[in-house]
Structure formats: C-alpha cells, structure tokens
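Here's the structure, in structure tokens; my notes come after.
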Amino acid sequence: MARITRRTKTLAALAALTATGVAISGCSAGGGDAGDGQTLKLWHYEGADSAMGKAWAEAISIFEEETGATVEFEEKSFEQIQKTASQVLDTDAAPDLMEFNKGNATAGFLASTGLISDISGAVEEYGWGDKLAPSLQTTAKYSEDGVMGGDMWFGVPNYGEFVGVYYNQDAFAEAGLEIPTTYEEFVDVLDAFVAQGVTPLAEAGAEYPLGQLWYQLALLEGDRGFVDAYQLYDGEVDWQGPEISSATETLAEYVDKGYIASDVSSVKAEDAGVSFINGTSPIFVSGSWWFGRFVAEATGFDWTMTAFPGADLSLGSSGNLWVVPENAANKELAYEFIDITMRPEIQAIIGNNGGLPIAVDTADIDDEKSAGLIDTFNGILEADGLSFYPDWPAPGFYDVIVQELQGLVTGVQDAETTNANLGEQYDEGTAEFR
C-alpha cells in the first residue's frame with residue numbers, strides 16, 4: 001500500500017495517453033527490429049546503495065563476463081518509467097528489460113495493451129515458476145484484460161515484501177512483558193502498556209499505515225476466499241460481513257482504548273516510523289520496507305519483527321517485476337539476465353542488505369536479524385499467506401480508505417457508515433473488472 005498512490009496516478013496517465021493516441025504511435029506491437037545479440041538495454045530505478053541495486057550491479061558483472069554481451073544501464077527514476085512507459089515502449093527506443101511495478105493498474109495495464117511480452121515460455125524454460133510461491137506468482141501473472149492472477153506470465157519478481165509487527169524489545173523488558181505470539185496476547189500487551197501510561201502503537205491515519213492495520217484486522221477473520229473476492233474479483237465482498245465489520249469496529253476500539261493516539265488522523269507514515277525509531281512507541285505494524293532503515297537508525301534499543309500474531313494471512317506481495325517490452329530487441333539476453341538475478345549468490349546479496357529475496361538459503365545470510373526476517377517471510381509464503389494490500393483492487397481506492405478511516409477514528413462516522421461508504425466506492429471502482 002505504500003506505493004499505491006503512484007500506481008493510481010500511473011493508471012490515469014497511461015489511460016490518458018492511450019485515449020489520445022500517443023501510446024499507439026511508433027512501431028507495431030509485434031516487436032522491434034532484431035537486436036545485435038550483444039547489447040542488453042536495462043532500465044531500473046533502485047538506488048545504488050539499496051539491496052536490489054547492489055544485487056543487480058553484481059548481476060550485471062556476471063552477465064557481461066558469462067555472455068560477452070554489454071549492459072547499457074540507463075538510470076531512470078520511478079516516476080520517469082511510470083509516466084513515459086506507454087510512449088517509449090511502443091517505439092524502437094524501448095529497453096530490452098526493465099523494472100516495473102506490479103498490480104492491475106501498472107504491469108496489468110501494460111499487459112492488456114500489448115506493450116509488454118507474455119514471457120510464459122521463458123518462465124517454463126528457466127524454471128522460475130518453481131522458485132515462486134503461489135501468492136508471489138499472482139502478481140506476475142495476468143489475464144488478457146490485465147487482471148492479476150491470470151494464466152500468462154508478464155513479469156518475474158526476485159524479491160518480496162510483507163507487513164508484520166516491529167517490537168521494541170527493551171521497552172517490553174522494562175514493562176515486564178513478553179513478545180506476543182497470539183492475537184489475545186497482543187491485545188493483553190496493548191492493555192498493559194496503556195495501564196502504564198504508554199500509547200503502544202505507532203500509527204498514521206493521514207497515510208497508509210492505518211489502512212494496513214485495518215486490512216490486517218479483516219484478515220484475522222478472513223480466509224483465502226475472502227482475499228480472492230476482495231483482490232481478484234472472484235466472488236462478492238460483503239461490506240457489512242464479519243471480516244470487514246470486525247476490522248472497522250476493532251479499529252475504532254483501538255482508538256477508544258488508547259492503543260492508538262487520539263490525533264492519529266493527522267499523523268503521516270514518516271512520523272509513525274520515527275516514533276518507533278526514537279523509542280516513543282514500542283510497537284509498529286508496518287512493512288518490511290522499514291527494516292533496513294531501522295537497522296541503520298533504531299540503534300538505541302533491541303528490536304525484532306514478526307508476522308502479525310495469530311494471523312494466517314498477512315499483507316504483502318512480490319516486489320516489483322522484471323518485464324520485457326514487446327518491442328525489446330534482445331529478449332533472449334533479457335531472459336538470461338533475469339535468470340542470473342534468481343541465482344543464490346545474487347539472492348544472498350539482497351538478503352544481506354535488508355531486502356527479502358524469494359529464493360535463498362538462509363545459511364547464505366550473514367546477519368542474524370536479516371536471516372530472521374527472511375525466515376518469517378518464508379513462513380508466510382509456505383502457508384500461502386500473502387494477501388496483497390487493501391487499496392489494490394480499484395484505482396483511487398487508497399485515498400478512499402484514508403478518508404473513510406479518518407472519519408472513523410475522529411468519530412465523525414460510525415463503523416457501519418464507514419463500511420457502507422467503502423463498499424460503495426469499491427463497487428464503483430471494480431465494476432469494469434467484474
């Protein structure tokens with residue numbers, strides 16, 4: 001959910017370009033001119049110091065040494081790739097391989113317009129599907145209409161992400177508390193901190209964290225059928241049903257009981273993260289994307305991260321995808337490079353730098369805390385527990401969730417009204433996919 005506003009803006013931009021004819025100018029969708037077989041044109045937007053940036057830099061070195069080909073890497077920002085994709089990918093200027101965001105509004109949209117290739121044959125040839133858990137495959141496979149979870153592979157991820165719970169272990173020890181392993185114990189811990197005058201949960205109602213907590217509370221009551229209905233339009237979502245009603249009512253109780261600060265509606269994600277870093281809040285429900293930063297900055301106390309206690313389902317997904325433009329000149333080189341990024345040594349670089357590799361032996365991970373994070377993620381994958389993010393199903397639904405939950409936690413509206421408003425906007429936004 002941290003990246004949803006970008007995807008929503010992208011959908012609108014790409015749709016506008018297509019409507020005005022920009023996206024269909026240039027070369028035909030059948031593919032660009034034959035390449036020289038010696039040059040791989042690569043675009044991605046990961047920073048050089050990030051886990052993926054370091055891993056992919058090493059992959060470039062291995063690729064060039066093993067193939068004799070040259071990588072022409074063009075540094076692009078996230079926004080550059082997202083905003084210009086439909087213009088560039090339909091021309092001879094298209095790269096051979098690029099990183100692109102997963103989801104219906106981005107990779108799915110490009111798949112539905114024929115701008116990126118169906119790489120199912122390469123996935124079978126190289127065996128990449130065998131390395132990806134079913135929930136990771138969902139965001140890599142799309143229908144001809146661009147809905148994720150389809151039959152055709154339009155991308156391959158080599159890392160993942162999930163939402164869990166960060167705990168300040170020193171604060172727990174000082175309070176005489178243990179890290180909870182069940183939801184009941186989690187609530188008991190929240191009550192204990194409140195009784196000691198501490199607001200336990202770092203939260204943010206002005207951005208994504210509060211919506212993620214709300215969805216996690218729904219997942220406590222839901223199953224894979226609920227997720228498939230909500231995310232993949234496979235069934236109807238009951239917006240007054242037990243999953244969503246429990247989540248909304250429980251979130252309101254969290255504020256009433258003092259688990260969350262009363263001014264949460266105006267707090268941003270950065271503020272919530274900093275309140276965990278500086279030790280003000282002992283618990284933070286959020287994503288693995290904070291992990292590397294906490295390693296670097298939350299150094300004044302011991303901390304750990306676990307999956308949400310008592311949950312069989314967790315927010316999360318694959319990372320962004322390697323996609324091959326339909327007009328790529330050197331597709332075979334692109335497949336060879338993707339395969340290198342799936343190797344154990346490249347996966348280990350991701351894992352040793354705070355990322356979440358999808359195919360790694362934790363024996364190859366040097367840092368104990370990073371190994372624990374990967375073990376937690378692997379446990380979620382083995383249980384087929386990744387359940388995506390609450391705003392994915394419909395363009396613009398991120399803003400709807402933020403607004404409606406702000407109304408809930410400020411007392412402007414009750415749970416039933418909040419659910420009704422969410423359901424109305426969800427149904428309107430997903431109508432074209434159903």
Side-chain angles (χ1 to χ4, degrees), residues 1-8 161-168 171 180 183 186-187 189-190 193 198-220 244 246-294 297-298 303-309 311 313-317 356 373 376 380 386-392 396-410 418 422:
M1 187 164 172
R3 303 173 177 84
I4 300 306
T5 50
R6 287 171 171 169
R7 283 208 306 279
T8 300
E161 60 187 38
F162 75 100
V163 172
V165 189
Y166 293 92
Y167 299 102
N168 180 328
Y183 181 67
F186 182 72
V187 173
V189 162
L190 298 180
F193 274 118
V198 176
T199 302
L201 288 173
E203 261 306 335
E207 291 180 332
Y208 66 86
L210 193 67
Q212 291 184 341
L213 175 60
W214 169 80
Y215 186 54
Q216 182 62 74
L217 293 171
L219 293 176
L220 281 174
I244 293 173
S246 175
T248 310
E249 292 167 3
T250 300
L251 192 62
E253 290 175 3
Y254 274 24
V255 178
D256 292 342
K257 293 182 177 180
Y259 301 165
I260 297 172
S262 59
D263 64 349
V264 66
S265 65
S266 62
V267 179
K268 294 188 175 183
E270 173 69 11
D271 302 321
V274 169
S275 73
F276 182 80
I277 290 171
N278 64 25
T280 301
S281 302
I283 304 172
F284 186 31
V285 179
S286 198
S288 54
W289 51 86
W290 286 95
F291 188 87
R293 182 172 176 187
F294 288 170
E297 299 182 23
W303 57 271
T304 189
M305 183 192 187
T306 73
F308 196 89
L313 301 171
S314 299
L315 287 79
S317 73
L356 274 176
L373 175 74
T376 298
I380 293 171
L386 285 186
S387 302
F388 319 117
Y389 296 96
D391 48 322
W392 273 23
F397 201 47
Y398 173 91
D399 294 328
V400 172
I401 292 174
V402 170
Q403 180 179 343
E404 293 302 327
L405 294 185
Q406 284 177 321
L408 175 75
V409 298
T410 57
T418 300
L422 287 167

Shortest non-hydrogen contact from [X] toward [Y]:
{"X": "Ile380", "Y": "Ala307", "value": "CD1-CB, 4.1 Å"}
{"X": "Leu386", "Y": "Glu161", "value": "CD2-O, 4.0 Å"}
{"X": "Leu217", "Y": "Leu251", "value": "CD1-N, 4.1 Å"}
{"X": "Leu373", "Y": "Ser288", "value": "CD1-CB, 4.4 Å"}
{"X": "Ser317", "Y": "Tyr389", "value": "OG-CE1, 3.9 Å"}
{"X": "Ala261", "Y": "Thr199", "value": "N-CG2, 3.5 Å"}

Q: Applying side chain to side chain contact (heavy atoms under 4.5 Å, CB included), run through Tyr215 and Ser387 and close with a yes or a no.
A: CA-CA 10 Å; Tyr215 186 54; Ser387 302; 4.1 Å; yes

Q: For Glu203 and Ala269, indicate whether the former's side chain and the latter's backbone hold a donor-acceptor pair under 3.5 Å.
A: no

Return the set of residues passing side-chain hydrogen bond (donor to acceptor under 3.5 Å, both in side chains) with [X] (not counting sequence neighbours), or none when no residue passes.
{"X": "Tyr167", "answer": "none"}
{"X": "Asp256", "answer": "none"}
{"X": "Glu249", "answer": "none"}
{"X": "Ser286", "answer": "Trp290"}

Can you measure from [atom1] ([X]) to [atom2] ([Y]) and round to the nearest 0.5 angstrom?
{"X": "Leu219", "Y": "Ser246", "atom1": "CG", "atom2": "OG", "result": "11.0 Å"}
{"X": "Phe294", "Y": "Trp289", "atom1": "CZ", "atom2": "CH2", "result": "11.0 Å"}
{"X": "Leu220", "Y": "Thr250", "atom1": "CG", "atom2": "OG1", "result": "8.5 Å"}
{"X": "Ser266", "Y": "Glu207", "atom1": "OG", "atom2": "CD", "result": "11.5 Å"}

[X]: what forms a side-chain contact (heavy atoms from CB on, under 4.5 Å) with it, not counting sequence neighbours?
{"X": "Val189", "answer": "Phe172, Leu177, Pro180, Phe193, Ile283"}
{"X": "Ala252", "answer": "Leu408"}
{"X": "Val267", "answer": "Ala204, Asp263, Asp271"}
{"X": "Gln406", "answer": "Ala206, Ser265, Val402"}

When you compare the side chain of [Y] with that of [X], does any pair of heavy atoms fall below 4.5 Å?
{"X": "Tyr166", "Y": "Ile277", "value": "no"}
{"X": "Leu210", "Y": "Ile260", "value": "yes"}
{"X": "Tyr208", "Y": "Tyr398", "value": "yes"}
{"X": "Met305", "Y": "Thr376", "value": "no"}
{"X": "Leu356", "Y": "Phe291", "value": "no"}
{"X": "Val198", "Y": "Pro282", "value": "yes"}
{"X": "Trp303", "Y": "Phe276", "value": "yes"}

Q.
Phe186 vs Phe308, test: ring-ring contact (aromatic ring centres under 6.0 Å, His included). Steps then yes/no.
A. CA-CA 9 Å; Phe186 182 72; Phe308 196 89; 5.2 Å; yes

Q) What residues form a ring-ring contact (aromatic ring centres under 6.0 Å, His included) with Trp214, not counting sequence neighbours? A)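 Here no residue qualifies.
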
Q.
According to ring pair (Phe, Tyr, Trp, His ring centres under 6.0 Å), does anything in residues 255-275 pair up with another residue at least two apart or in another chain? List the pairs.
A.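 Found Tyr254-Tyr259.
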
Q: Begin with the C-alpha distance, continue with both residues' side-chain angles, and end with the deciding distance and a verdict on side chain to side chain contact (heavy atoms under 4.5 Å, CB included) for Val274 and Arg293.
A: CA-CA 10 Å; Val274 169; Arg293 182 172 176 187; 3.9 Å; yes

Q) Should the pair Phe388 and Trp392 be assigned to parallel (<30°), tilted (30 to 60°) or perpendicular (>60°) ring geometry? A) parallel

Q: For Glu253, enumerate each residue passing the salt bridge (Lys or Arg N to Asp or Glu O under 4.0 Å) test, keeping only those at least two apart in sequence or located in another chain.
A: none

